[in-house]
There are 2 protein chains.
Amino acid sequence: MPVAKKSDPVNIPSYPHEVLAVVLSVRDGNLCVLLWRRGQSPFRYRWALPGGGVQPTERLREAITGHLAAKVDVRDVAHLEQLATHSAIDRDPRARVLATAYLGLVPSDVQPNLPADTAWHRVDELPRTAFDHHYFIDAAVGRLRAKLSYTNIGFALAPAEFTIAELRDLFSAALGYELGATNLTRVLTRRQVIGPTERTARPGQSGGRPAAVYKFVARELTVTDPFAVLRPPR
Amino acid sequence: MPVAKKSDPVNIPSYPHEVLAVVLSVRDGNLCVLLWRRGQSPFRYRWALPGGGVQPTERLREAITGHLAAKVDVRDVAHLEQLATHSAIDRDPRARVLATAYLGLVPSDVQPNLPADTAWHRVDELPRTAFDHHYFIDAAVGRLRAKLSYTNIGFALAPAEFTIAELRDLFSAALGYELGATNLTRVLTRRQVIGPTERTARPGQSGGRPAAVYKFVARELTVTDPFAVLRPPR
DNA sequence: ACAAAAGTGTTGGTCGTACACCCATGC
DNA sequence: GCATGGGTGTACGACCAACACTTTTGT
């Protein structure tokens with residue numbers, strides 16, 4: 001049981017502290033989370049979030065960035081924000097471990113070189129997860145969906161350039177319901193979240209008018225509409 | 001320097017962990033935060049957030065609830081939610097201490113029995129604070145203001161029953177800008193955040209029509225409008 | 001009667017959805 | 001020319017701010 005020592009400059013209890021990442025990305029038209037299959041007890045063979053300990057020289061954000069790069073070769077996280085800290089006493093059956101989770105977003109066009117025990121899982125068909133990781137995933141998906149409506153966070157899911165049809169598919173996958181391309185364009189353009197480029201995309205085999213190519217105006221998180229929107233249909 | 005012992009069931013580093021509370025309340029027409037004046041170094045005589053360590057049997061929320069009750073006699077927190085965890089290595093000059101902050105809200109009509117070294121401070125006239133507590137206060141105020149627009153979180157700032165004029169003053173103080181009573185009523189009524197009671201308030205000395213007495217429909221946090229509102233004037 | 005405070009009605013603007021219609025391309 | 005997919009225009013409703021007007025009280 002962790003107890004503060006009299007000689008500590010700060011006389012309060014210590015606990016092992018881990019960082020976890022809920023890395024979300026749209027893969028093949030579905031919102032997915034990056035999970036890693038445990039090889040050891042506890043929760044052997046269950047899927048778990050990537051993460052690990054925090055070194056004395058690291059802040060939490062640095063720690064999770066390091067773990068993602070080292071363990072699952074994810075280096076192109078376009079956005080990373082803190083989600084929450086869990087403290088249930090028996091969340092790890094071996095010892096009391098506090099856990100701080102981060103939400104990470106990877107654009108749909110980057111392909112990290114995943115190790116064999118790591119894979120993307122659709123968030124609407126999640127396997128049973130280890131520890132309390134399920135709660136973190138739920139929180140991350142909820143946060144992403146909310147922020148899609150009132151911030152420019154979509155930039156972290158999209159390639160640098162894209163057509164409106166591609167963007168609609170990304171947003172539909174992330175939100176979990178269908179959107180119309182027409183109004184998506186109008187809303188995001190009016191808020192100056194996206195803007196047109198000079199280029200156009202070539203039509204597919206079956207013809208059709210060439211699509212204008214758009215880009216996100218900014219690639220850091222900004223709140224674009226404190227009120228905002230993108231309501232589910234009905 | 002905290003290092004994991006080989007014998008630990010979980011082989012990751014441990015750190016002292018503290019919980020802090022940003023307790024906000026509208027006092028005398030101004031949004032205020034509860035601060036405590038330090039008597040010892042470091043940051044002697046600076047104002048600090050209440051809080052402290054986490055016992056091995058407590059979760060973070062239980063720990064901060066206990067500290068608030070024991071140290072500043074605040075037992076009537078109507079709402080409590082986690083804000084963020086800070087991990088800057090030298091945020092406490094004595095040792096590395098991780099800190100998780102909570103946002104707490106106290107209704108304007110409850111009067112906690114504060115110790116001599118504890119006082120409410122207007123958030124728009126903050127003194128210099130100890131450690132990194134200023135960041136937590138900013139985050140708390142921002143969170144409250146945002147949630148006033150799209151949740152029913154106002155219940156945690158208001159008495160059980162109130163007139164619209166009283167509610168307008170509460171919201172104006174919390175948001176930092178003036179609101180009209182007319183539209184505030186309409187917005188909150190339409191969303192079914194507040195509703196009328198049977199009672200009416202007696203007019204003041206100078207006369208005037210008696211005000212209807214309202215109440216919040218629910219007293220737990222619910223998201224009432226994912227899009228929402230209450231725009232600043234202009 | 002008059003001042004004061006509360007509540008209601010009306011108007012106008014913004015925003016977002018729905019849907020019909022027009023445009024540019026491949027075959 | 002015509003199917004296909006992209007883009008634009010218009011109409012409608014929800015929502016909210018502003019403000020004039022009405023209601024109810026105390027003196």
Side-chain angles (χ1 to χ4, degrees), chain A residues 146 148-151 154 161-172 175 177-215 223-234, chain B residues 148-152 154 161-172 175 177-215 223-234:
Chain A
L148 280 173
S149 284
Y150 67 93
T151 72
E161 301 196 325
F162 46 84
T163 64
I164 294 297
E166 290 162 357
L167 189 66
R168 179 203 358 99
D169 292 343
L170 281 178
F171 270 66
S172 295
L175 289 170
Y177 53 85
E178 294 305 308
L179 287 177
T182 303
N183 296 322
L184 181 65
T185 312
R186 277 209 262 260
V187 170
L188 296 184
T189 304
R190 178 174 26 223
R191 295 193 189 149
Q192 306 203 51
V193 170
I194 62 173
T197 64
E198 308 285 289
R199 306 196 313 104
T200 60
R202 267 197 302 282
Q205 312 300 354
S206 55
R209 176 170 169 174
V213 172
Y214 282 76
K215 62 174 168 32
V223 174
T224 57
D225 189 340
F227 318 118
V229 128
L230 296 172
R231 317 184 182 219
R234 186 66 1 159
Chain B
L148 280 172
S149 284
Y150 68 92
T151 72
N152 68 342
E161 302 196 323
F162 46 84
T163 65
I164 294 297
E166 290 162 358
L167 189 66
R168 176 195 12 91
D169 293 343
L170 281 178
F171 270 66
S172 295
L175 289 169
Y177 52 85
E178 293 305 308
L179 287 176
T182 302
N183 295 323
L184 181 65
T185 311
R186 278 206 262 257
V187 170
L188 296 183
T189 303
R190 176 176 30 224
R191 295 196 189 146
Q192 307 203 52
V193 171
I194 62 173
T197 64
E198 308 285 287
R199 306 196 314 104
T200 61
R202 267 198 301 284
Q205 311 299 355
S206 55
R209 177 171 168 173
V213 173
Y214 282 75
K215 61 173 168 31
V223 174
T224 56
D225 189 341
F227 319 117
V229 126
L230 296 173
R231 316 185 182 219
R234 189 70 2 177

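Letters A, B, ... are given to chains in the order of the sequence lines, protein chains preceding strands, and every chain is numbered from 1.
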For this session: Using a 4.0 Å heavy-atom cut-off across all strands, classify A:Ala212 as base, sugar-phosphate, or nothing.
Result: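 Sugar-phosphate, no base atom in range.
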Problem set entry | B:Ala211 side chain, from C-beta outward: closest of C:dG7, D:dC15, D:dG6 |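 Per side-chain heavy atoms of B:Ala211, the pick is C:dG7.
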Within this structure, what is the [atom1]-to-[atom2] distance between [X] and [N], rounded to whole angstrom?
X	N	atom1	atom2	value
A:Arg168	D:dG5	CZ	P	11 Å
B:Leu179	D:dC16	CG	P	13 Å
A:Leu184	C:dT17	CG	P	9 Å
A:Glu166	D:dG7	CD	P	11 Å
B:Ile164	D:dT24	CD1	C1'	17 Å
B:Ile194	C:dA6	CD1	P	14 Å
B:Gln192	D:dC15	CD	P	12 Å
B:Leu167	C:dA6	CG	P	13 Å

Donor-acceptor pairs under 3.5 angstrom involving side-chain atoms of residues 197-209 of chain A: please list them, not counting sequence neighbours.
| unit_1 | atom_1 | unit_2 | atom_2 | d |
| --- | --- | --- | --- | --- |
| A:Thr197 | OG1 | A:Arg199 | N | 3.3 |
| A:Thr197 | OG1 | A:Val213 | O | 2.7 |
| A:Arg199 | NE | A:Glu161 | OE1 | 3.1 |
| A:Arg199 | NH2 | A:Glu161 | OE1 | 3.0 |

Exercise. Who pairs with B:Ala165 by side chain to side chain contact (heavy atoms under 4.5 Å, CB included), at least two apart in sequence or on another chain?
Worked result: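 Partners of B:Ala165 by the side chain to side chain contact (heavy atoms under 4.5 Å, CB included) criterion, ordered by chain and then number, come out as B:Thr163, B:Arg168.
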Exercise. Residues two or more places apart in sequence or in another chain: which of them pass side chain to side chain contact (heavy atoms under 4.5 Å, CB included) with A:Ala146?
Worked result: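 Once residues adjacent in sequence are excluded, the partners of A:Ala146 under the side chain to side chain contact (heavy atoms under 4.5 Å, CB included) criterion are A:Tyr150.
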For this session: For nucleotides 19-27 of chain C, just jot down a letter per nucleotide in 5' to 3' order: B, S or -, based on protein non-hydrogen atoms under 4.0 Å.
Result: B---BBBSS
For this session: Report yes if a side-chain nitrogen or oxygen of A:Arg191 is closer than 4.0 Å to either non-bridging phosphate oxygen (OP1 or OP2) of C:dG16; otherwise report no.
Result: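 Yes.
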For this session: Calculate, to the nearest 0.5 Å, the distance between atoms OH and OG1 belonging to B:Tyr214 and B:Thr185 respectively.
Result: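 Going from the OH atom of B:Tyr214 to the OG1 atom of B:Thr185 covers 5.5 Å.
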For this session: Quick one: pull up CG in B:Leu179 and CG in B:Asp169 and give me the separation to the nearest 0.5 Å.
Result: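 So the gap between those two atoms works out to 10.0 Å.
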